[in-house]
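Numbers here are sequence positions counted from 1. Nothing here was measured: the structure is a model prediction, and the numbers come from that model. These numbers come from the heavy atoms of this one structure, side chains and all, not from hydrogens, waters or symmetry mates.
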Amino acid sequence: MSLYRQPIILFGIVLPILVSAAVVGVSSVLKSQVVDSFNTKEKDAKNASMGVAAAREVEASEQPSPTNGSLERPAWARNEKLGQ
């Protein structure tokens with residue numbers, strides 16, 4: 001019976017514990033990388049949406065104001081010469 005004690009301890013206890021520890025370690029590293037990547041992408045998406053909102057606000061504030069209820073077209077659009 002003593003001939004089988006060392007292989008049973010090695011392959012039945014030590015090796016499964018080492019494999020389990022390696023799987024837990026790799027899983028925790030991968031999870032932390034995925035969480036970091038998600039947080040970075042979420043932050044970038046929030047910044048992009050804030051930038052789009054700010055650009056729309058700037059574009060809305062730069063609209064030409066109408067004169068007498070209508071917008072005046074530039075001279076080149078009215079087919080007029082610029083010197084007249």
Side-chain angles (χ1 to χ4, degrees):
M1 213 190 279
S2 65
L3 294 175
Y4 298 111
R5 186 178 300 172
Q6 185 178 6
I8 289 173
I9 291 172
L10 179 64
F11 294 111
I13 297 173
V14 175
L15 191 61
I17 288 174
L18 291 176
V19 170
S20 298
V23 168
V24 168
V26 169
S27 298
S28 67
V29 168
L30 289 176
K31 182 183 181 231
S32 68
Q33 288 178 350
V34 168
V35 167
D36 289 343
S37 174
F38 175 76
N39 289 338
T40 302
K41 289 178 183 180
E42 189 175 36
K43 184 179 74 172
D44 291 345
K46 184 178 179 183
N47 288 340
S49 66
M50 288 174 57
V52 168
R56 287 182 180 158
E57 186 176 316
V58 167
E59 288 175 359
S61 68
E62 291 181 353
Q63 294 295 325
S65 59
T67 345
N68 296 331
S70 65
L71 295 175
E72 186 177 335
R73 294 177 15 190
W76 61 268
R78 292 188 305 245
N79 293 328
E80 295 179 4
K81 293 186 179 177
L82 294 176
Q84 298 175 351

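A heavy-atom distance below 4.5 Å is not found between the side chains of S27 and K31.
Here the rule is side chain to side chain contact (heavy atoms under 4.5 Å, CB included) with R5, and of L3, I9, I8 only I9 fits it.
Note on L10 and L15: same hydrophobic cluster, where clusters join Ile, Leu, Val, Met, Phe, Trp and Tyr whose side-chain heavy atoms are under 4.5 Å apart, directly or indirectly.
Residue L18 holds its CG atom at 12.0 Å from CD1 of I13, rounded to the nearest 0.5 Å. Atom CD of Q33 is separated from atom CG of D36 by 8.0 Å, given to the nearest 0.5 angstrom. Atoms CD and OG1, on E42 and T40 in that order, are 10.0 Å from each other to the nearest 0.5 Å.
Residues G25 and S28 come closest through the heavy atom pair O-OG, 2.8 Å.
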